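Heads up: the structure comes next, in structure tokens.
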Amino acid sequence: FWLKCPILAFRGIASASALQTPSCTVAMPIKVGFIVGKDTDIVEDPKFTDMGGDVSFLADMPDDLRVDPVTREYLKDCEPGTKGYAHCDVAIAWWIKKNCPDIEVDIICGPGDITLKRLQSNDFNFTLGFNAVNLMVANNQETPKIMKVLATCGNLAPDWGFEQYILQKSNYMKDCMANGVPMAPTIFSLKGKRSPEGLLDEIKARGWKSFVMKQSESGFSLGFCKLKVEECEKDSSILTTYFKDYKHISEFVVQEAVDGFTRNWETRCFWYNGEFLYAIANIAAVSSEDGAERIVTGDDVPAEFLENAKRIGKEAIKCLPQLKVPGGGTVPMVLVRTDIGCSDSQMYDKDLDWDPTRKTFFLNEIEPSSTTYFVRHLKFDCIPVYGKLYAETARNMKEQMDKNPVPAKRAAAKRAATPMKFTKAVSGKRVTTPRATQPTVMKKTAMKGAAMKVAMKAAAKKSAKATKATKATKATK
């Protein structure tokens with residue numbers, strides 16, 4: 001009954017006590033893996049508990065599953081005596097373990113615990129806090145092996161095909177564009193078919209004055225930069241250096257810069273089973289003028305931004321496939337997040353008709369279930385909410401698996417060896433498109449040990465230094 005409860009559709013969900021734990025039928029347990037790896041969504045934190053978050057159920061959780069805030073490693077990989085804290089992915093899995101005896105919980109710490117044998121010992125494995133993006137960012141000597149495990153285990157949830165659909169941003173962006181979801185003017189710059197000169201010529205032909213560059217197969221704002229056409233014309237090394245530093249990236253996503261990002265909220269809507277859960281609004285550090293991120297949630301999200309973000313987000317998630325069940329069949333998709341931006345000034349793309357005197361809302365990105373949940377910034381305890389949702393999905397998946405005529409694990413192994421396909425809607429028609437089963441792994445110097453967990457910080461610092469150096473060089477000319 002609680003899945004239908006209107007309380008979930010309201011921005012300020014009430015306290016966890018209002019959401020009673022559903023009864024669980026004890027039979028043959030459903031074996032569910034939870035692949036975890038978050039180090040930025042802490043729950044054992046005063047900000048979480050002060051707003052009413054309950055962490056008492058974590059009292060008997062092994063310390064090995066907590067994360068050292070310094071090295072960002074799980075304590076099982078740290079020196080004895082190291083202090084650590086639980087993050088939301090582990091907390092959700094542990095909540096299910098404590099409250100749902102029909103589910104046998106296997107918490108798999110990425111990347112070290114990920115093996116083919118481990119994943120295939122479970123009925124399926126939710127990617128709660130670790131996925132291919134983490135591997136692509138860390139890019140160490142273990143990356144190809146672990147990537148192959150994820151690609152071939154056949155029982156990820158969401159499945160590997162969906163993972164690649166989101167990882168390669170042009171997949172879902174093109175589908176959304178084809179279905180009328182508004183997006184900023186975009187150029188997809190593909191490895192093997194791109195050059196700094198060619199990209200700049202295409203940007204100028206579109207009429208852009210400034211643009212942003214970001215990347216597929218990446219996250220944490222790595223590789224993000226905002227550039228002016230005039231500057232790139234005067235100094236060809238700006239784009240040449242970017243192309244050289246990120247030559248391993250399969251796809252650059254290049255968009256006309258939307259000035260509204262620096263003064264308007266980007267509203268992030270969280271959806272589960274295709275239904276709206278809650279929203280947070282923020283101005284990211286990379287977009288704000290003072291370099292500091294600002295976040296609001298609940299009733300503090302301006303109504304105009306919330307309603308437009310829900311409207312566009314709902315259309316965007318219609319373009320996504322359902323959650324595939326190992327062995328066949330589907331159930332509604334687990335968590336996805338839609339990030340909606342706002343433009344309120346002149347855009348220069350020759351084919352764009354946005355009114356510069358009005359706010360225009362548009363889809364910026366879609367994030368999968370391993371995304372940041374912003375648990376500390378909410379005005380309600382979301383851990384029981386997600387615990388119940390994932391538990392219910394697990395039951396629905398197992399029910400479908402039991403109906404399948406072919407044993408799920410055999411079917412999963414066979415399916416893992418063939419390309420995944422998605423059916424999308426384009427201009428009123430349903431079109432089936434093949435998707436790659438495995439991305440190209442970055443060819444780059446491998447990282448070791450704790451560097452795997454802090455790679456994104458180091459890369460971000462490198463990017464910031466490079467930007468400063470470019471500005472300093474230009475200032476001296």
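Reckoned from all heavy atoms, side chains included, excluding hydrogens, waters and symmetry mates. Every value quoted in this text rests on a predicted model; they were computed, and no experiment measured them.
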Kindly indicate whether the side chain of [X], heavy atoms from C-beta on, has any atom under 4.5 Å from the side chain of [Y].
{"X": "F130", "Y": "I114", "value": "yes"}
{"X": "T115", "Y": "V149", "value": "no"}
{"X": "V229", "Y": "S210", "value": "no"}
{"X": "D63", "Y": "K76", "value": "no"}
{"X": "Y172", "Y": "C319", "value": "no"}
{"X": "M213", "Y": "Y242", "value": "yes"}
{"X": "L200", "Y": "E233", "value": "yes"}
{"X": "I108", "Y": "R118", "value": "yes"}

Within the distance-only criterion (no hydrogens, no angle test), does the side chain of [X] pair as donor or acceptor with the backbone N or O of [Y] below 3.5 angstrom?
{"X": "D68", "Y": "L75", "value": "no"}
{"X": "T267", "Y": "D339", "value": "no"}
{"X": "T143", "Y": "N140", "value": "yes"}
{"X": "D45", "Y": "K47", "value": "yes"}
{"X": "T240", "Y": "S236", "value": "yes"}
{"X": "T186", "Y": "A184", "value": "yes"}
{"X": "E256", "Y": "D349", "value": "yes"}
{"X": "E251", "Y": "S170", "value": "yes"}
{"X": "R72", "Y": "D39", "value": "yes"}
{"X": "Y272", "Y": "L389", "value": "yes"}

Would you name the heavy atoms of [X] and [Y] that are closest together and state the gap between them?
{"X": "R206", "Y": "P185", "result": "NH2-CB, 3.7 Å"}
{"X": "C176", "Y": "M183", "result": "CB-SD, 4.2 Å"}
{"X": "Y74", "Y": "G110", "result": "CE1-O, 4.3 Å"}
{"X": "D41", "Y": "V375", "result": "OD1-N, 3.6 Å"}
{"X": "L167", "Y": "S216", "result": "O-CB, 3.5 Å"}
{"X": "T152", "Y": "K148", "result": "OG1-O, 2.7 Å"}

Tell me yes or no: between the side chains of [X] and [Y], is some donor less than 3.5 Å from an acceptor?
{"X": "H248", "Y": "K191", "result": "no"}
{"X": "Q168", "Y": "S250", "result": "yes"}
{"X": "Q322", "Y": "T330", "result": "no"}
{"X": "Y165", "Y": "D175", "result": "yes"}
{"X": "K214", "Y": "Q255", "result": "yes"}
{"X": "T127", "Y": "E163", "result": "no"}

Practice task
Check the pair R337, I366 against side-chain contact (heavy atoms from CB on, under 4.5 Å), reporting the backbone distance first and the verdict last.
Solution key: CA-CA 6 Å; R337 195 185 83 194; I366 297 177; over 6 Å; no
So, do [X] and [Y] have ring centers that fall under 6.0 Å from each other?
{"X": "W208", "Y": "Y348", "result": "no"}
{"X": "F276", "Y": "F270", "result": "no"}
{"X": "Y386", "Y": "Y373", "result": "yes"}

Holding to side-chain contact (heavy atoms from CB on, under 4.5 Å), I want the full list of residues that pass it with [X], two or more places apart in sequence or in another chain.
{"X": "N282", "result": "E266, R268, I280, A284, E293, I295"}
{"X": "M333", "result": "P158, F162, L323, V336"}
{"X": "N308", "result": "E304, R311, F361"}
{"X": "T241", "result": "S237, D245"}

Exercise for the section: Hey, could you give me each pair passing salt bridge (charged side-chain N to carboxylate O under 4.0 Å, His left out) that has a residue in residues 193-202? Not counting sequence neighbours. Expected result: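 Pairs touching residues 193-202 that pass the test: none.
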Practice task
Could you check Q215, K174, E365 and say which one makes a side chain to side chain contact (heavy atoms under 4.5 Å, CB included) with K169?
Solution key: E365
Problem - More than 12 heavy atoms from other groups under 6.0 Å of NZ on K226 - result: yes
Practice task
Count the heavy atoms of every other residue, nucleotide or ligand shown that sit under 6.0 Å from NZ of K145, and state whether that count exceeds 12.
Solution key: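 No.
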Tell me whether [X] is salt-bridged to [Y], with the criterion being a basic N under 4.0 Å from an acidic carboxylate O.
{"X": "K318", "Y": "E315", "value": "yes"}
{"X": "R66", "Y": "D64", "value": "no"}
{"X": "K359", "Y": "D344", "value": "no"}
{"X": "D300", "Y": "K379", "value": "yes"}

Problem - Y278 vs V385, side-chain contact (heavy atoms from CB on, under 4.5 Å): CA-CA, chis, key distance, verdict - result: CA-CA 11 Å; Y278 62 86; V385 175; over 6 Å; no
Handout entry: Test side-chain contact (heavy atoms from CB on, under 4.5 Å) applied to I166 and N131, step by step
Key = CA-CA 11 Å; I166 296 296; N131 67 354; over 6 Å; no
Handout entry: Steps toward side-chain contact (heavy atoms from CB on, under 4.5 Å) verdict (I340, N364)
Key = CA-CA 5 Å; I340 310 300; N364 184 34; over 6 Å; no
Exercise for the section: Could I get the full list of ring pair (Phe, Tyr, Trp, His ring centres under 6.0 Å) partners for F34, not counting sequence neighbours? Expected result: F126
Value rounded to 0.5 Å, distance of [atom1] in [X] from [atom2] in [Y]:
{"X": "D77", "Y": "C109", "atom1": "CG", "atom2": "SG", "value": "8.0 Å"}
{"X": "Y390", "Y": "S369", "atom1": "OH", "atom2": "OG", "value": "4.5 Å"}
{"X": "S343", "Y": "D259", "atom1": "OG", "atom2": "CG", "value": "8.0 Å"}
{"X": "M147", "Y": "E142", "atom1": "CE", "atom2": "CD", "value": "12.5 Å"}
{"X": "I383", "Y": "I92", "atom1": "CD1", "atom2": "CD1", "value": "4.5 Å"}
{"X": "T338", "Y": "K314", "atom1": "OG1", "atom2": "NZ", "value": "11.0 Å"}

